[in-house]
Amino acid sequence: MLSRNVLYHGKEEPPTRRQRLRAGPLTLLFEEDATMGGALRYVKLGDREILRRVYVAVRDRHWGTVPSTLSDVEMNVKEDTFHITFRVENVEGKIDFYWRGTITGDERGTITFSMEGRAGTTFLRNRIGLCVLHPMDLAGQPCVVEHTDGREEEGEF
């Protein structure tokens with residue numbers, strides 16, 4: 001007999017929970033996914049999507065994505081601000097990585113996504129960090145990249 005989650009959602013894991021949020025003029029969704037961790041989706045200014053997704057990925061030495069286990073989600077959501085904290089464990093084979101995430105949004109439209117992690121074992125990896133996906137309609141559009149040292153560089157998506 002198939003479980004309720006498989007019958008209703010096509011997988012054993014609970015369905016992704018989504019919370020609508022505002023950061024001043026920006027609207028967005030926070031996703032709580034039991035296997036993918038916490039992520040931001042569909043950041044919009046009015047009707048214009050400016051970011052498709054922001055999330056943390058732990059990639060093994062072959063660029064495979066190490067599954068996440070999300071826990072301890074705490075949300076303080078107000079009309080046009082929010083503060084979210086959560087914990088994530090990425091464990092697979094020899095990989096044992098734990099991190100805490102914090103996401104905030106303020107009334108001016110500033111969103112901050114930070115993570116602080118620690119490895120429980122020594123392991124080979126290709127990436128551990130934030131991934132930012134832009135909407136497809138930005139392909140080929142001009143942009144200015146501001147580097148951490150303050151330099152600006154013109155380019156295109």
Side-chain angles (χ1 to χ4, degrees), residues 9-11 13-70 73 75-93 95 97-119 123-157:
H9 309 288
K11 60 182 183 175
E13 297 80 17
T16 299
R17 290 180 33 194
R18 292 181 169 164
Q19 170 75 42
R20 293 191 184 282
L21 303 169
R22 290 190 71 89
L26 302 176
T27 60
L28 59 144
L29 294 176
F30 173 70
E31 283 189 341
E32 291 181 54
D33 187 297
T35 60
M36 294 298 293
L40 297 182
R41 286 272 202 176
Y42 313 116
V43 180
K44 293 183 178 183
L45 178 60
D47 291 334
R48 174 108 175 149
E49 183 180 15
I50 56 177
L51 289 176
R52 174 58 52 105
R53 186 173 186 209
V54 181
Y55 64 102
V56 171
V58 176
R59 309 275 195 220
D60 66 20
R61 66 185 180 146
H62 301 294
W63 288 101
T65 302
V66 179
S68 297
T69 302
L70 178 68
V73 178
M75 300 179 73
N76 181 359
V77 178
K78 297 186 178 164
E79 185 175 333
D80 60 348
T81 64
F82 60 89
H83 181 87
I84 303 168
T85 59
F86 53 93
R87 294 175 35 166
V88 176
E89 290 181 350
N90 298 91
V91 178
E92 184 175 68
I95 297 173
F97 188 74
Y98 157 85
W99 59 277
R100 292 179 185 263
T102 302
I103 307 173
T104 60
D106 69 25
E107 63 280 342
R108 295 180 321 242
T110 300
I111 297 173
T112 304
F113 191 137
S114 62
M115 59 96 63
E116 183 177 325
R118 183 177 62 195
F123 57 90
L124 297 174
R125 84 290 187 242
N126 269 316
R127 172 180 294 149
I128 297 176
L130 288 169
C131 296
V132 178
L133 304 181
H134 298 279
M136 283 299 297
D137 62 355
L138 291 179
Q141 296 296 313
C143 69
V144 176
V145 176
E146 183 180 332
H147 296 274
T148 56
D149 64 5
R151 288 182 302 115
E152 291 187 352
E153 178 182 350
E154 293 187 20
E156 65 180 47
F157 285 95

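Just so you know, these numbers come straight off a predicted model, no measurement behind them. Just so it is clear, the values below take in all heavy atoms, side chains as well, and ignore hydrogens, waters and symmetry mates.
The two residues Glu107 and Pro25 have their closest heavy-atom pair at O-CD, 3.9 Å. In plain terms, the two heavy atoms of Glu146 and Gly150 that are nearest each other are CG-O, 4.5 Å. In terms of heavy atoms, His134 sits closest to Ile50 at ND1-O, 4.1 Å. The minimum heavy-atom distance linking Gly105 with Ala23 is given by the pair CA-CB, 3.8 Å.
Side chain of Asn90 to backbone of Pro67: a donor-acceptor contact under 3.5 angstrom is found. Asn126 contributes a side-chain N or O that, together with a main-chain N or O of Arg61, makes up a donor-acceptor pair within less than 3.5 Å. Using a distance-only test at 3.5 Å, with no hydrogens or angles considered, no donor-acceptor pair links the side chain of Arg108 to the main chain of Thr110.
In this structure the side chain of Ile111 reaches within 4.5 angstrom of the side chain of Leu40, judged on heavy atoms. Side-chain atoms of Arg127 and Trp63, non-hydrogen and from C-beta on, do get closer than 4.5 Å to each other. Using a 4.5 Å cut-off on side-chain heavy atoms (C-beta onward), Val132 and Leu51 make contact. Side-chain atoms of Thr104 and Asp106, non-hydrogen and from C-beta on, never get closer than 4.5 Å to each other. In this structure, the side chains of Tyr55 and Leu133 come closer than 4.5 Å at one or more pairs of heavy atoms. At a threshold of 4.5 Å between non-hydrogen side-chain atoms, the residues Phe30 and Val77 do not count as touching. Residues Tyr98 and Thr69 fail the side-chain proximity criterion, which asks for heavy atoms closer than 4.5 Å.
The line from CZ of Phe157 to CE of Met136 is 12.5 Å long, rounded to the nearest 0.5 Å. Taking CZ of Arg20 as the start and CZ of Phe82 as the end, the distance is 14.0 Å to the nearest 0.5 Å. Note: Glu156 CD to Gln141 CD = 9.0 Å, rounded to the nearest 0.5 Å. The structure places CZ of Arg125 at 10.5 Å from CD1 of Ile95, a figure rounded to the nearest 0.5 Å. Distance check: Leu70 CG to Arg17 CZ gives 9.0 Å after rounding to the nearest 0.5 Å.
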For this session: List the steps and the verdict of side chain to side chain contact (heavy atoms under 4.5 Å, CB included) for Leu29 and Gln19.
Result: CA-CA 5 Å; Leu29 294 176; Gln19 170 75 42; over 6 Å; no

For this session: Please test Val145 against Glu152 for side chain to side chain contact (heavy atoms under 4.5 Å, CB included), starting from the C-alpha separation and ending with a verdict.
Result: CA-CA 6 Å; Val145 176; Glu152 291 187 352; over 6 Å; no

Exercise. Does the side chain to side chain contact (heavy atoms under 4.5 Å, CB included) test come out yes or no for Phe97 and Val66, once each step is laid out?
Worked result: CA-CA 9 Å; Phe97 188 74; Val66 179; over 6 Å; no

For this session: Using the side-chain hydrogen bond (donor to acceptor under 3.5 Å, both in side chains) rule, take Glu153 and His147 through it: C-alpha gap first, then chi angles, then the decisive distance, then the call.
Result: CA-CA 8 Å; Glu153 178 182 350; His147 296 274; 2.8 Å; yes

For this session: Please assess Thr81 against Glu79 for the test side chain to side chain contact (heavy atoms under 4.5 Å, CB included), listing each intermediate value before the final yes or no.
Result: CA-CA 6 Å; Thr81 64; Glu79 185 175 333; over 6 Å; no

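The number of heavy-atom neighbours closer than 6.0 Å to CG of Asp149, taken from other residues, nucleotides and ligands shown, is above 12.
Thr65 and Arg59 form a side-chain donor-acceptor contact under 3.5 Å, judged by distance and modelled atom types alone.
Electrostatic pairing of Lys44 and Glu49 does not count as a salt bridge here, judged by no charged N lying under 4.0 Å from a carboxylate O. With salt bridges taken as basic N to acidic carboxylate O contacts below 4.0 Å, none links Arg100 and Glu116.
Between Phe86 and Trp99, the two ring planes are perpendicular [angle over 60°; tilted spans 30° to 60°].
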